[in-house]
Each structure stands twice: as C-alpha cells, then as structure tokens.
Amino acid sequence: MKTFGLVVSKGAGSVFERNVRNLLQGEEKLARIVVPTLRTRSDIRHRTAELSKQLAAMARSDQHCRLLMSMPGVGTVTATALQQPWRIRRTSGTLAPWAHGWA
C-alpha cells in the first residue's frame, strides 16, 4: 500500500486491520487486491492461535513435556519436539540420551 501512497500506521491484530480498511476507503481498485490478502492474514492468525492452543494442551497433558517445560527457557514447542527422542530415567528423573545411543 505504501507504493500507492498509503502508509499504514502500526497496530497489532485487529487494530492493524482496522487501519488498513480505513485507508482503503475510496480506493476501490486497490481494495480489490488488499482486502482478500487481509482476510487471508486474519484466517492464518486465527488458525495459528487454534493450533498453538492445541499444542499447549497436548504439552500440558504429557508428563514428560511438563518436566521439560519446568526448565527455564523451555516452552511448549521445544518440550514437544524434545519429548519423543529423549526418555526420562525413572530412577533419577534426569534426561537420558542413552535411549537412542547418543551417550
């Protein structure tokens, strides 16, 4: 839009969308291009939020992920990614790379 002289002010989420739509008033030709892109962006944001909630719920329901997330800097994505190849040693509660011969 900047190419066409329309500079969108900063804003997150729906504020950004509202700013874009306000700038597009009276710009029907440009709106035919930008509005579908704006809808796609909104759909992607909503789908990403849904998937993030699902991942968080999955991580919270898994004992190993909860243990991994108790370490500083380890969130749901890292814990879920690391949960599979590593095994938790039942006696000490430590991460055990020996499960795959990495030690």
Side-chain angles (χ1 to χ4, degrees):
M1 291 179 55
K2 193 174 185 179
T3 303
F4 300 100
L6 300 173
V7 180
V8 182
S9 57
K10 290 184 179 184
S14 62
V15 174
F16 175 78
E17 187 174 336
R18 194 174 331 120
N19 291 341
V20 170
R21 289 184 186 276
N22 287 338
L23 283 173
L24 289 174
Q25 290 180 1
E27 300 284 343
E28 290 79 25
K29 290 181 181 179
L30 186 57
R32 278 187 262 149
I33 298 167
V34 175
V35 170
T37 306
L38 203 56
R39 270 192 233 117
T40 302
R41 178 186 175 273
S42 178
D43 291 345
I44 290 170
R45 286 182 61 242
H46 286 104
R47 185 66 180 139
T48 301
E50 288 173 19
L51 291 172
S52 294
K53 286 178 187 176
Q54 289 177 13
L55 181 64
M58 190 172 76
R60 280 192 307 270
S61 68
D62 186 270
Q63 173 187 347
H64 298 119
C65 285
R66 283 196 317 271
L67 179 62
L68 287 166
M69 289 188 303
S70 69
M71 293 186 288
V74 177
T76 55
V77 173
T78 304
T80 307
L82 289 176
Q83 189 270 338
Q84 281 303 93
W86 291 74
R87 299 289 180 254
I88 306 301
R89 187 176 293 169
R90 291 178 191 231
T91 57
S92 65
T94 59
L95 290 174
W98 48 261
H100 291 278
W102 296 338

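Hydrogens, waters and symmetry mates play no part in the numbers below; they use all other heavy atoms, side chains included. Given the structure is predicted, the values throughout are model-derived calculations rather than measurements.
The backbone N or O of Val74 lies less than 3.5 Å from no partner atom in the side chain of Thr78, so there is not a single donor-acceptor pair. Ser42 contributes no side-chain N or O that, together with a main-chain N or O of Leu38, makes up a donor-acceptor pair within less than 3.5 Å.
Residues Arg18 and Val15 meet the side-chain proximity criterion, which asks for heavy atoms closer than 4.5 Å.
Of all heavy-atom pairs spanning Ala59 and Cys65, the tightest one is O-CB, 3.3 Å. Residues Ala79 and Leu68 share a closest heavy-atom pair of O-CD1, 3.5 Å. Taking both residues in full, the closest heavy atoms of Val20 and Met1 are given as CG1-SD, 3.7 Å, listed atom of the first, atom of the second, then distance. The two atoms that bring Pro36 and Ala31 nearest to each other are CD-O, 3.8 Å, heavy atoms only.
Checked for salt-bridge contact, Arg47 and Glu50 meet the test: a charged N lies under 4.0 Å from a carboxylate O.
Counting side-chain heavy-atom gaps under 4.5 Å among Ile, Leu, Val, Met, Phe, Trp and Tyr, the cluster of Val77 also holds Leu55, Met58.
Among residues two or more places apart in sequence or in another chain, the side chain to side chain donor-acceptor pair (under 3.5 Å) test is passed with Asp62 by none. For the side chain to side chain donor-acceptor pair (under 3.5 Å) test, no residue two or more places apart in sequence or in another chain qualifies with Arg32.
Here CZ of Arg45 is found 9.0 Å from OG1 of Thr48. Values are rounded to the nearest 0.5 Å. Within the model, atoms CG of Leu24 and CD1 of Ile33 stand 10.0 Å from one another, a figure rounded to the nearest 0.5 Å.
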Q.
As a quick check of understanding, evaluate side-chain contact (heavy atoms from CB on, under 4.5 Å) for Val34 and Arg21, giving each step before the final call.
A. CA-CA 9 Å; Val34 175; Arg21 289 184 186 276; over 6 Å; no
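In the hydrophobic clustering of this structure, Leu23 groups with Leu30; members are Ile, Leu, Val, Met, Phe, Trp, Tyr whose side-chain heavy atoms approach within less than 4.5 Å, directly or through other members.
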